[in-house]
Amino acid sequence: YDVVRADTLFLFMITAGLAAIPRWALAGEGIRGHGRIAAAAAILALSFFCKQTGIFYVGLGGAIVAIVAWRRALIYIAVAGVLGLGGTAAANAATGGWFWTYVSKIHRAHDFSMDRFWRSYGYILWHFRALTIVVVIALVATLVVYIRTRTLPKQCQPLLLWSSAFAMSTVVGAVGWGTEFAHFNAYMPAFLHGALAAGAALPALAACAQI
């Protein structure tokens, strides 16, 4: 346990998977193209075995594939399903049912506080005020430019990716901290993806200002 860091490994897996999908979904032809999507699906599906909230990012990855390259959505669903469901079934069979007891039943036995869930949004979004404000301003500017020109500047695409991840991670953090015995490490994905979204907001704002 001194070597394994589940939180940071989880952050690496979900961030790498999400970063790869937009590029890999549009790259390659035939088996090579499908192989790249399969690899991204594998990274995100395996993140579930690091932390159970990885299932949220499998869904987000699927939504991104459906938007940017919907013809490859089937291979994404197939690989994520085989690894996620098949891996769970295999692990459960190998441990005589203890795998599912540890990753699901014990957690569902904990109380859930809706008060802590809703307070989490303030704790996350208003902890670094400048971060949230710059992301919101950049999203508004991107929307205005899109409405006026009916085109999406290339510089705005990373903003959409990481602001979507930021939104998902904020929900994940709220769900995590709402669970009994949870600590503020539940917010780690939100602060990481929020930082990436704020970084992506700067070139997006520059592009929108030029237009």
Problem - Sub-4.5 Å side-chain heavy-atom contact between Ile124 and Thr132 - result: no
Problem - Shared hydrophobic cluster, Leu46 / Met168 (ILVMFWY, side-chain heavy atoms < 4.5 Å) - result: yes
Handout entry: side chain to side chain donor-acceptor pair (under 3.5 Å) pairs, two or more places apart, involving residues 44-62
Key = Asp7-Lys51, Gln52-His107, Tyr57-Ser169
Practice task
Establish whether Leu83 and Leu85 are linked, either directly or via other cluster members, by ILVMFWY side-chain heavy-atom contacts under 4.5 Å.
Solution key: no
Exercise for the section: Any chance you could pull the hydrophobic cluster mates of Trp70, using side-chain heavy atoms under 4.5 angstrom and chaining through other members? Expected result: none
Exercise for the section: Evaluate the criterion ring pair (Phe, Tyr, Trp, His ring centres under 6.0 Å) for residue pair His127 and Tyr187; output intermediate values, then yes/no. Expected result: CA-CA 11 Å; His127 187 72; Tyr187 298 160; 8.8 Å; no
Fill in the blank from the handout: One should read off an interatomic distance between Thr142 OG1 and Leu160 CG, to the nearest 0.5 angstrom, of 6.0 Å
Handout entry: Closest non-hydrogen atom pair, Gly84 against Ala45
Key = N-CB, 4.4 Å
Handout entry: Set of side-chain contact (heavy atoms from CB on, under 4.5 Å) partners for Ile106, sequence neighbours left out
Key = Thr101, Tyr102, His110
Exercise for the section: For the pair Tyr123 and Trp177, name the ring-plane relationship: parallel under 30°, tilted 30 to 60°, perpendicular over 60°. Expected result: perpendicular
Practice task
Starting at CG of Leu44, measure out to CG of Leu18 and round the result to the nearest 0.5 Å.
Solution key: 5.5 Å
Handout entry: Ile133 vs Trp126 side-chain heavy atoms within contact, under 4.5 Å
Key = yes
Practice task
Apply side-chain contact (heavy atoms from CB on, under 4.5 Å) to Leu161 and list each qualifying residue two or more places apart in sequence or on a separate chain.
Solution key: Pro22, Ile64
Problem - Phe12 atom CZ, over 12 foreign heavy atoms within 6.0 Å - result: no
Exercise for the section: For residues Leu196 and Thr15, determine if any side-chain heavy atom of one lies less than 4.5 Å from a side-chain heavy atom of the other. Expected result: yes
Problem - Same cluster (ILVMFWY, side-chain, under 4.5 Å), Phe10 and Val103 - result: yes
Exercise for the section: Could you grab the distance from atom OH of Tyr76 to atom CD1 of Ile37, nearest 0.5 Å is fine? Expected result: 8.5 Å
Practice task
Check Leu11 against Pro189 and note the closest heavy-atom contact, atom names and distance.
Solution key: CD2-CA, 3.5 Å
Problem - Heavy-atom closest pair, residues Pro203 and Gly199 - result: CD-O, 3.2 Å
Handout entry: Pairs flagged by salt bridge (charged side-chain N to carboxylate O under 4.0 Å, His left out) wherever residues 108-122 is involved - sequence neighbours left out
Key = Asp115-Arg119
Completion exercise
Heavy-atom closest pair (Ile43 atom, Met13 atom, distance to 0.1 Å) is CG2-O, 3.2 Å
Exercise for the section: Measure the spacing between CG of Leu205 and SG of Cys156 and express it to the nearest 0.5 Å. Expected result: 8.0 Å
Fill in the blank from the handout: So the ring pair (Phe, Tyr, Trp, His ring centres under 6.0 Å) pairs with at least one residue in residues 136-175 (sequence neighbours excluded) are Trp162-His193
Handout entry: hydrophobic_cluster_shared for Leu26 and Ile67, side chain cutoff 4.5 Å
Key = no
Handout entry: Rounded distance (nearest 0.5 Å) linking atom NZ of Lys105 with atom CH2 of Trp98
Key = 9.5 Å
Exercise for the section: Return the minimal non-hydrogen interatomic distance between Leu159 and Ala197, and the atom names on each side. Expected result: CD1-O, 3.7 Å
Exercise for the section: To the nearest 0.5 angstrom, please state how far the CH2 atom of Trp100 sits from the OG1 atom of Thr88. Expected result: 6.0 Å
Practice task
Find out if a path of hydrophobic residues (ILVMFWY) with successive side-chain heavy-atom gaps under 4.5 Å connects Leu139 to Leu60.
Solution key: no
Exercise for the section: Looking only at non-hydrogen atoms, find the nearest pair between Val68 and Ala25 and report the distance. Expected result: CG2-CB, 3.6 Å
Handout entry: Verdict with reasoning, Phe99 to Phe49, per side chain to side chain contact (heavy atoms under 4.5 Å, CB included)
Key = CA-CA 10 Å; Phe99 175 79; Phe49 297 96; 3.7 Å; yes
